[in-house]
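For reference, the structure discussed in these notes is given below.
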There are 2 protein chains.
Amino acid sequence: MNQTKDISTEQLILETAEKLFLEKGFAMTSTTEIARVSGCNQALVHYYFRTKENLFQSIFENKFRMLISTLPIDNQSNKPFEEQLASIVEAHFELIRSNPKLPFLIFNELITNPQRLKTLKQRLGELPRPMFLQLQRQLQEEIDEGRIRQTNILDLLLTMLSLNVMIFLGTPIIQNVMQLSDNEINELYEHRKKENVMIILRSLRP
Amino acid sequence: MNQTKDISTEQLILETAEKLFLEKGFAMTSTTEIARVSGCNQALVHYYFRTKENLFQSIFENKFRMLISTLPIDNQSNKPFEEQLASIVEAHFELIRSNPKLPFLIFNELITNPQRLKTLKQRLGELPRPMFLQLQRQLQEEIDEGRIRQTNILDLLLTMLSLNVMIFLGTPIIQNVMQLSDNEINELYEHRKKENVMIILRSLRP
DNA sequence: GGGCTATTTAATAGAGCTATTAATTTTCTG
DNA sequence: CAGAAAATTAATAGCTCTATTAAATAGCCC
């Protein structure tokens, strides 16, 4: 058994599939195409993953775990809450920036194939709860001391997700309609990152 | 020629297709299924629209025109800018609320099938430019008089879109994960509508 | 090398899909 | 009512897709 080659073929299929799924979604990507782009026989895709659904799940879980493991957790510092929150928002922005097509895939597959919500729920259970709870605790502390307005963490997270995700969801459209170069898109990203932090901080003021 | 029945069959196919496309996307919906759900012969779908792509385009254009025609244009009043803006944001929120799955379809099909961007660009050209320009003019006026901070209309629209769209994109996930009843979801919508208005108004303060 | 396992391939079953065609039924019109 | 036009249907061609199977090949250990 050639360990090197084993891993590389399976990995190659995995990476090719990920790329194609992200580009065109689950339904529009065939195992035939995955094999063609990988440069391997079509039966190999099924040899390693048995079904297309399995292959997708593997990638989905992988990406989700990756997302979770890269979440910002360095909020044990004693910086003021505003600064910590700004760091979190920026880290979240960069996280999505490094996987700009992932939100699309997640929405696409969760909406079109609701049974995948079950898988998602399990994954969400793996979220680093301590970090979440600490953020919630800090938020309450700030509220109690009157430094921010009465609010709750779900609104805060929803606002952050909205602002940080939409710019990447909309990039294909924005770039095409406004004829922006990659450089200009990156400038737009930097601008929106600051903007999003500002919007969120302002939204919390008493 | 039975005018009534003509229209009703074609219309029936159109409506069924719209429902299915919105639910499951373009690729996951077959003309066979559209016919089955419509209760008509599969060849009829092609008789009226020749190709599945044509059918999709018809629906897409239809929806887009509908969206545009329902855009809030009543900004000739002399209410203060903040109130007018609040009305616009709320109207936009309600517009998406009445077509909650449309943003998903738009993103889905524009991202997976980039050639549709061309169609979109044409449709965007049909946007009521006067309304857009007036908003821009008013914004500049407010900036000049120091009532809001230096900003631009694209940021404003992007923020509004982000906040107003994401809650509906995320609804299937939120509802499932948090086990919310339809009533609770509606309460969440009302809450977020106010929240979004507030966030946007605060983001503009000097 | 021989046997063993893992990998890869070609071939194909079986299903579903889009689109077309030709025939049939329905509807309209003079 | 007769004939034309429109709507509807059944049948099917021609693809492509997923998944399986059986055979071929490669790598490894004794």
Side-chain angles (χ1 to χ4, degrees), chain A residues 1-61 105 108-109 112-116 119, chain B residues 1-61 105 108-109 112-116 119:
Chain A
M1 168 172 75
N2 183 334
Q3 194 72 10
T4 314
K5 220 179 162 217
D6 276 4
I7 290 178
S8 101
T9 300
E10 187 173 350
Q11 195 63 24
L12 182 64
I13 291 172
L14 217 46
E15 285 167 16
T16 306
E18 180 184 315
K19 183 171 151 303
L20 292 175
F21 282 147
L22 282 171
E23 251 167 44
K24 332 196 306 171
F26 180 77
M28 291 277 286
T29 305
S30 69
T31 55
T32 311
E33 189 182 7
I34 293 169
R36 192 177 46 72
V37 176
S38 301
C40 74
N41 189 284
Q42 183 261 347
L44 267 189
V45 178
H46 293 273
Y47 171 73
Y48 281 115
F49 301 96
R50 206 168 56 76
T51 68
K52 184 182 164 186
E53 178 70 24
N54 272 355
L55 176 56
F56 182 82
Q57 295 279 359
S58 302
I59 292 169
F60 201 74
E61 295 206 10
L105 187 68
N108 191 6
E109 298 315 323
T112 55
N113 197 339
Q115 85 206 48
R116 292 209 179 101
T119 314
Chain B
M1 167 172 77
N2 183 336
Q3 195 72 10
T4 314
K5 219 181 164 216
D6 274 4
I7 290 178
S8 101
T9 300
E10 187 173 349
Q11 196 63 25
L12 183 63
I13 291 172
L14 218 44
E15 284 167 16
T16 307
E18 179 184 316
K19 183 171 152 304
L20 292 175
F21 282 148
L22 281 171
E23 250 167 43
K24 330 195 310 171
F26 180 77
M28 293 275 287
T29 305
S30 68
T31 54
T32 311
E33 188 182 7
I34 293 169
R36 192 177 47 72
V37 175
S38 299
C40 76
N41 189 284
Q42 182 261 345
L44 267 190
V45 178
H46 293 273
Y47 172 73
Y48 283 114
F49 301 96
R50 206 167 55 75
T51 68
K52 184 181 163 187
E53 178 70 24
N54 271 356
L55 176 55
F56 182 83
Q57 295 278 358
S58 302
I59 292 169
F60 201 75
E61 294 205 10
L105 187 68
N108 191 4
E109 298 314 324
T112 55
N113 198 338
Q115 84 207 48
R116 293 211 178 98
T119 314

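Below, chains carry the letters A, B, ... as their sequence lines are ordered, and counting in each starts from 1.
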Once you round it to whole Å, what is the distance between C1' of C:dA10 and CG of A:Leu44?
-> 12 Å

Which residues share a side-chain contact (heavy atoms from CB on, under 4.5 Å) with A:Thr31, sequence neighbours left out = A:Gln42, A:Val45, A:His46, A:Lys52

Of all residues at least two apart in sequence or in a different chain, which pass the side chain to side chain donor-acceptor pair (under 3.5 Å) check with A:Gln57?
-> A:Glu53

Per-nucleotide protein contact string for nucleotides 16-21 of chain D, where B marks a base within reach and S marks sugar-phosphate only (heavy atoms under 4.0 Å, - for neither) | -SBBB-

Between A:Tyr48 and C:dT8, does any side-chain N or O lie under 4.0 Å from OP1 or OP2?
-> yes

Which whole-number value in Å describes the distance from B:Asn41 CG to C:dT25 P?
-> 14 Å

With sequence neighbours left out, what residues match B:Glu109 under side-chain contact (heavy atoms from CB on, under 4.5 Å)?
-> B:Phe26, B:Phe56, B:Leu105, B:Thr112, B:Arg116

With sequence neighbours left out, the residues meeting side chain to side chain donor-acceptor pair (under 3.5 Å) with A:Ser38 are A:Thr16

Sequence neighbours excluded, the answer for side chain to side chain donor-acceptor pair (under 3.5 Å) partners of B:Lys24 is B:Glu33

